[in-house]
Q: 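Quick one: the structure is below, questions incoming.
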Amino acid sequence: ARQVVRPKEKMTTSEEVKPWLRTIYGTSKELVTPTVIAGVTFSAKPEETPNPLKPWVSLEHDGRPKTIKPEIKKGQTKKGRPDYKTYFKTAVTHTYSYEDLKAHNMDPNQKHVEEEYIDEDDTYVSLNPVVRCTPDLYFNKGLAKDIRSEPFCTPYENSRWKVDHTYFVSWYTRFFEDVNSGEVADQVRVHLSYVKENPREKGNYKR
Amino acid sequence: DLPGTFFSSEWIDNLNGLMAIEVDEDWLQNEFERRIVVSVQPKYIPDEDFNPLQYGVLLHITKGSRVFKPTKEQLALDDAGITNDQWYYVALSIPTVVVIFFVFMYFFLYVNGKNRDFTDVTRKALNKKRRVLGKFSEMKKFKNMKNHKYTELPSYKKTSKQN
């Protein structure tokens, strides 16, 4: 005889995400409408007090979202939010002359070049809870796994996308830099195309 | 309008570098699996210059998984004690039948132990062996026997007439 176990009810939240108000760029007010995609809430209202252990959303190899809860172990934060280093910063070089700095250990005719990284405008970027794609998260693809996957971080090559499932395609935004103008493309669009692979390309054709 | 492209999104801001795509069954075109390429076209590259295969990622879109795995619901029902276990009976009954058969065979042989006689079989096998030229003492079966009182007389190949 086995104890009858009630299957757990699937948690469904009936609460609706409500629009919220914020002030950007100092004075202009803006209404932000959160959206929920594949269980991930985008443009959610930030918490009053910043929480270092706030869960964040990472992506599986095939692009499915997964929630990561940071932990504190031995005084260190494990699985914390990824550090984007300077990938989304703009590098500016300043050249200072002796007149500008009047440093005591500087020759009168010496020039000092300093590189400064300017943070990007995170007004809208901060509303995205999903990990952003940086070259650190690239993977190797191709038959010999020797081709970098730039600009994509997800999905990995040969992933299987199933019908009626939602997957995230993520790419490094600064990869699309216009050669002529040197500016990053402000708009992009995603394409899905059919391909036919011959046996050789599939890699199972030996002779 | 790109060759082979069956889905193109709107122009979106290249801000987060992220886009959610829900796989539609129509894209499979009544096949179980299709091979696709995911590619991103920046605004400054016109359609005729854009090559999806240059930086695209090769994927499979499939209707589902080929291998049957119990879904969470089925596992939950199992936990609830609601199981359809006909196959369980089948799986158990086969070895049971085999065991019963062997037990029955053992007792049958045990009961008939007294009235069994295989001498005709052994004789036929030995006759077959005896046709081999050479001494008994050299046969594999008798090689290690030590109680030879005398050496054998030579034996010849029997012709079919002599049988």
Side-chain angles (χ1 to χ4, degrees), chain A residues 2-8 37-38 40 42 62-63 65 124-125 127-128 130 132-133 141 149-181 183-197, chain B residues 2-29 32-45 47 50 52-53 55-66 72-83:
Chain A
R2 290 172 61 181
Q3 295 300 322
V4 173
V5 171
R6 290 264 161 265
K8 273 201 262 1
I37 301 173
V40 178
F42 287 84
D62 58 359
Y124 293 97
V125 168
L127 300 176
N128 166 28
V130 179
R132 292 174 77 187
C133 174
K141 64 178 185 180
S149 69
E150 55 195 18
F152 292 99
C153 289
T154 61
Y156 270 41
E157 184 135 273
N158 295 325
S159 301
R160 288 185 176 282
W161 280 5
K162 289 185 183 135
V163 168
D164 296 336
H165 286 67
T166 302
Y167 299 91
F168 285 92
V169 176
S170 64
W171 62 88
Y172 178 45
T173 51
R174 302 239 168 151
F175 176 78
F176 299 108
E177 208 163 306
D178 190 354
V179 178
N180 310 324
S181 63
E183 285 184 13
V184 175
D186 54 355
Q187 285 198 317
V188 294
R189 66 178 176 171
V190 175
H191 298 286
L192 299 180
S193 320
Y194 291 124
V195 285
K196 271 199 186 345
E197 259 184 320
Chain B
L2 286 174
T5 302
F6 60 88
F7 170 81
S8 291
S9 71
E10 300 297 323
W11 288 101
I12 57 174
D13 289 341
N14 186 24
L15 196 62
N16 292 325
L18 197 66
M19 178 169 180
I21 293 181
E22 183 171 355
V23 181
D24 190 353
E25 185 157 2
D26 297 341
W27 299 347
L28 287 169
Q29 294 182 337
F32 182 76
E33 178 174 309
R34 289 300 299 258
R35 199 79 159 115
I36 66 166
V37 155
V38 176
S39 54
V40 173
Q41 175 193 7
K43 191 97 178 181
Y44 59 80
I45 296 183
D47 285 356
F50 178 65
L53 296 178
Y55 293 112
V57 175
L58 273 175
L59 292 183
H60 302 268
I61 51 173
T62 65
K63 190 171 284 184
S65 57
R66 289 177 194 274
K72 284 192 186 117
E73 286 73 22
Q74 282 166 343
L75 288 174
L77 281 175
D78 282 353
D79 287 347
I82 304 167
T83 54

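Because the structure is predicted, anything quoted here is derived from the model rather than measured. Below, chain A is the first sequence line, B the second, and so on; all start at residue 1.
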Q: Are the side chains of B:N16 and A:Y124 in touch, meaning some heavy atoms are under 4.5 Å apart?
A: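 Side-chain contact under 4.5 Å: no.
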Q: Taking every heavy-atom pair that is under 4.5 Å apart, which of B:D13, B:I12, B:I61 has the most such pairs with chain A?
A: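 If we count pairs closer than 4.5 Å to chain A, B:I12 comes out on top.
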Q: Quick one: which of A:C153, A:A38, A:C133, A:P155 has the most heavy-atom pairs under 4.5 Å with chain B, could you say?
A: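 Of the candidates given, the most pairs with chain B belong to A:P155.
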Q: Do A:V190 and B:M19 have side chains that get closer than 4.5 Å, going by heavy atoms?
A: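 Sidechains of B:M19 and A:V190: in contact.
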Q: A:V184 versus chain B, heavy atoms under 4.5 Å apart: side chain, backbone, both or neither?
A: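 Side chain only.
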Q: Side chains of B:R35 and A:N158: is there a donor and an acceptor less than 3.5 Å apart?
A: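 Per modelled atom types, B:R35 and A:N158 side chains form a pair under 3.5 Å.
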Q: Is the number of heavy atoms from other residues, nucleotides or ligands under 6.0 Å of A:F175 CZ greater than 12?
A: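 Counting other residues, nucleotides and ligands, CZ of A:F175 exceeds 12 neighbours.
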Q: A side-chain contact here means heavy atoms from C-beta on lying under 4.5 Å apart; do B:N14 and A:V188 qualify?
A: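 Touching, per the 4.5 Å side-chain cut-off.
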Q: At their closest point, which heavy atom of B:L18 faces which heavy atom of A:W171, and how far apart are they?
A: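 Scanning both residues, the minimum pair turns out to be N-CH2, 3.8 Å.
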Q: State, to 0.1 Å, how close A:W161 and B:V38 come at their nearest heavy-atom pair, and which atoms those are.
A: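 Taking every non-hydrogen atom into account, CH2-CG2, 4.1 Å.
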Q: For the pair B:Y44 (side chain) and A:Q187 (backbone), establish whether a donor and an acceptor sit closer than 3.5 Å, ignoring hydrogens and angles.
A: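 A pair under 3.5 Å: no.
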Q: How would you list all residue pairs meeting salt bridge (charged side-chain N to carboxylate O under 4.0 Å, His left out) that involve residues 167-179 of chain A, not counting sequence neighbours?
A: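 Qualifying pairs: none.
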Q: Between B:E22, B:E10, B:K63, B:E25, who has the most heavy-atom pairs with chain A when the cutoff is under 4.5 Å?
A: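 Of B:E22, B:E10, B:K63, B:E25, B:E22 has the most heavy-atom pairs under 4.5 Å with chain A.
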Q: Name the option with the most non-hydrogen atom pairs under 4.5 Å to chain A; the candidates are B:L53, B:L15, B:I36, B:V40.
A: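 Option with the top pair count is B:V40.
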Q: B:K43 and A:A185: which non-hydrogen atoms are nearest, and at how many Å?
A: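 Taking B:K43 first and A:A185 second, the nearest heavy atoms are N-CB, 4.3 Å.
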Q: Against chain B, work out which of A:V130, A:T154, A:V125, A:D62 has the most heavy-atom pairs shorter than 4.5 Å and name it.
A: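 Highest number of heavy-atom pairs under 4.5 Å: A:V125.
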Q: Name the option with the most non-hydrogen atom pairs under 4.5 Å to chain B; the candidates are A:L127, A:N180, A:V40, A:D186.
A: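 That would be A:D186.
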Q: Quick one: CZ on B:F6 to CG on A:L192, what's the gap to the nearest 0.5 Å?
A: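 Here the interatomic distance stands at 4.5 Å.
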Q: Given the rule in the ring pair (Phe, Tyr, Trp, His ring centres under 6.0 Å) test, do A:F152 and B:Y55 qualify, once you have shown the distances and angles that lead to the verdict?
A: CA-CA 8 Å; A:F152 292 99; B:Y55 293 112; 8.7 Å; no
Q: Check whether any side-chain heavy atom of A:V163 sits under 4.5 Å from a side-chain heavy atom of B:T62, and report yes or no.
A: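 Side chain of A:V163 against side chain of B:T62, heavy atoms only: no contact under 4.5 Å found.
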Q: Testing the 3.5 Å rule here: is there a donor-acceptor pair between the side chains of A:H191 and B:S8?
A: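 There is such a pair (donor and acceptor under 3.5 Å, judged by atom type) between the side chains of A:H191 and B:S8.
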Q: Suppose the criterion is salt bridge (charged side-chain N to carboxylate O under 4.0 Å, His left out): which pairs have a residue in residues 155-165 of chain A, not counting sequence neighbours?
A: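 Sorted pair list: A:R160-B:E33.
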Q: Please report the closest heavy-atom contact between A:F176 and B:P42, naming both atoms and the distance.
A: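 Smallest interatomic distance, heavy atoms only, reads CD2-CG, 3.5 Å.
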